[in-house]
S.K.: 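Input: one structure, supplied below.
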Amino acid sequence: MMQLSSVYYRTNREQQAIRNAGKWCQMAAVLVLLLCNLSRTALADDSQRTKAIVTEVCAACHNLDGNSIDPTFPKLAGRNPDYLVRELKVFISGQRKSDLMGPIVATLNTDDLRPLAEYFSAQKPTSGQIKDVKAAEIGRKLFQNGDESRDIPACAGCHNIDASGNSRFPRLAGQHREYLIAQLNNFKNDVRNYSSARLMRELTKRMSDEEIAAVADYLNGL
Amino acid sequence: MPLNRGNIVKWMFKTLLILLLWPLTLLAQDQSSTNVSSAGQKGWNELNGEKLEALKLNGDATRGEESFQVCQGCHKRGATGSASGAYPRLAGQHVSVLIEQIADIRSGKRKNDKMLPFADEHELTTQAIADIAAYLHALPLTPNVFGKGPGNALARGKTLYLRDCLICHGENGEGSAEKFYPLIAGQNYKYMLREVGFIRDGKRGNANPEMIKVIKPYSDADLAAVTDYISELEIH
């Protein structure tokens, strides 16, 4: 079993490392949640409980402040809490498939999803570095205007002009280039095949690989 | 026929009968013509399914603005449509027309594969359709800045418009909310030209059969002329 989003970019060794990290997170998650549940009364308040889950379960990949270091893991800082809860739920239901996230989210309590989403949403998002200035300019045009000749809508229509997102569509500004490319390809190749992702599946099929990379470069720099 | 008393009585009786029945035949004719047109209306614009459901709902313009996010990637903020005419202007359109067109595209009656994923049930609920229609209808009718025709066939276009189009679409292209006739004033020339071509050639699945009949004899030049004229119409 291999995480599908990683097909394009990871060597076997990296994949092994990620799988190990995933297992470690999973074990940690079970342990922490067990402890949290046992000592529920002992914890002063829910924010401490949330912080504990963040520290032990999420931070290894997404970082404490939600700005992940590894570009294959998404930044969560500043993303809309409604959106984050929705995605956590599609991970839990198995609609959004991930060998990594699947076992981890399975350990989460439904009651914890909202506070976790609120925590990451409240973190300050960071910007990335544009890798290819020329490509980023092509990406900017496509993101802001789309391409009418091929019925590619402006991404800004849903994700906002500044890519800050909203409750229905995620923030993309500053997101890792690698992660964006992987996810756009997951849409294009029908890996993210749940019904609510139909729109993205359709429109990524209208985009070339170069355009996907260009949009990712632009967004990373925001 | 000899002119005797019996024949005169027969003639008078026939005349009386005709005079009595004449209004009835007129009435019958009237009814049959009403039936034809309402049958056309029925086939064209049957109010059922999601269309009827959405029409019954109270649209909320504030919610509609949010739901319109998924549309504005193509139709632009403020629903001005695009300069190329690939996507129509929607601002100011009648609620009934907007609901009908979205519902028809969703049901496949008006075929639009490119738009379908954006009007998917996971993106738009029936309530969201009503909300979007309310939002778009309330948008201001700004002048048609980038959607005018070449302006070289306005006289011919006017003649055709006054003869064939005015009766439904109105003097200023205002259409009719009640009859589901679209507002066409301020619409993009290239968009309209594409669509009237589709309507004439039977490619727009939900076109009004009455309109197909009217523009069937139109040449491409006629369509361009009348569209040129329409693109100059303004509602103040």
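The structure presented is a predicted model; accordingly, all values stated were derived computationally and were not measured.
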S.K.: Could you have a look at Ser195(A), Ser167(A), Ser196(A), Gly146(A) and say which one has the most heavy-atom pairs with chain B under 4.5 angstrom?
M.R.: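 Result: the option with the highest number of such pairs is Ser195(A).
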
S.K.: Side chain, backbone, both or neither: which part of Ile161(A) has a heavy atom under 4.5 Å from chain B?
M.R.: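 Its backbone and side chain both get close to chain B.
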
S.K.: Which bit of Ser149(A) is near chain B, if near means a heavy-atom gap under 4.5 Å: side chain, backbone, both or neither?
M.R.: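 For Ser149(A), there is no contact with chain B at all, as no heavy atom is under 4.5 Å.
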
S.K.: Check each atom of Asn166(A) against the heavy atoms of chain B and say whether the ones under 4.5 Å are side chain, backbone, both or neither.
M.R.: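 It is the side chain, since no backbone atom gets that close.
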
S.K.: Given that the side chain runs from C-beta out, which part of Arg201(A) has a heavy atom under 4.5 Å from chain B: side chain, backbone, both or neither?
M.R.: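 Contact with chain B: none, neither part.
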
S.K.: Among Gly157(A), Ala156(A), Cys155(A), Ala154(A), which residue has the highest count of heavy-atom pairs closer than 4.5 Å to chain B?
M.R.: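 Looking at each option in turn, the highest pair count goes to Gly157(A).
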
S.K.: Would you call Arg49(A)-Asp46(A) a salt bridge at under 4.0 Å N-O?
M.R.: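 Salt bridge absent between Arg49(A) and Asp46(A).
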
S.K.: Indicate the ring-plane relationship of Phe169(A) and His159(A), choosing parallel, tilted or perpendicular according to the 30° and 60° boundaries.
M.R.: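 The rings of Phe169(A) and His159(A) stand perpendicular, inter-plane angle above 60°.
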
S.K.: Is there a donor-acceptor contact under 3.5 Å from the side chain of Asp228(B) to the main chain of Ala153(B)?
M.R.: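 A pair under 3.5 Å: yes.
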
S.K.: Please classify the contact between Glu202(A) and chain B as side chain, backbone, both or neither, with a heavy-atom cut-off of under 4.5 Å.
M.R.: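 The side chain, not the backbone.
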
S.K.: What option among Lys114(B), His75(B), Gln72(B), Glu66(B) has the most heavy-atom pairs under 4.5 Å with chain A?
M.R.: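 Of the options given, most contacts go to Lys114(B).
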
S.K.: Taking the side chain as every heavy atom from C-beta outward, state whether Asp220(B) and Arg200(B) have any pair of such atoms under 4.5 Å apart.
M.R.: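 Yes, their side chains come closer than 4.5 Å.
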
S.K.: Counting only N and O atoms by type, is there a donor-acceptor contact under 3.5 Å from the side chain of Asn220(A) to the main-chain atoms of Ser127(A)?
M.R.: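 Between the backbone of Ser127(A) and the side chain of Asn220(A) there is no qualifying donor-acceptor contact (under 3.5 Å).
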
S.K.: Does any N or O in the side chain of Gln123(A) come within less than 3.5 Å of the main-chain N or O of Asn67(A), such that one atom is a donor and the other an acceptor?
M.R.: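 Checked: no pair found.
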
S.K.: Are any non-hydrogen side-chain atoms of Asp132(A) and Glu137(A) less than 4.5 angstrom apart?
M.R.: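 The answer is no; the side chains never approach within 4.5 Å.
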
S.K.: If I measure from the heavy atoms of chain A, does Phe68(B) come under 4.5 Å with its side chain, its backbone, both, or neither?
M.R.: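 Answer is neither: Phe68(B) stays 4.5 Å or more from chain A.
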
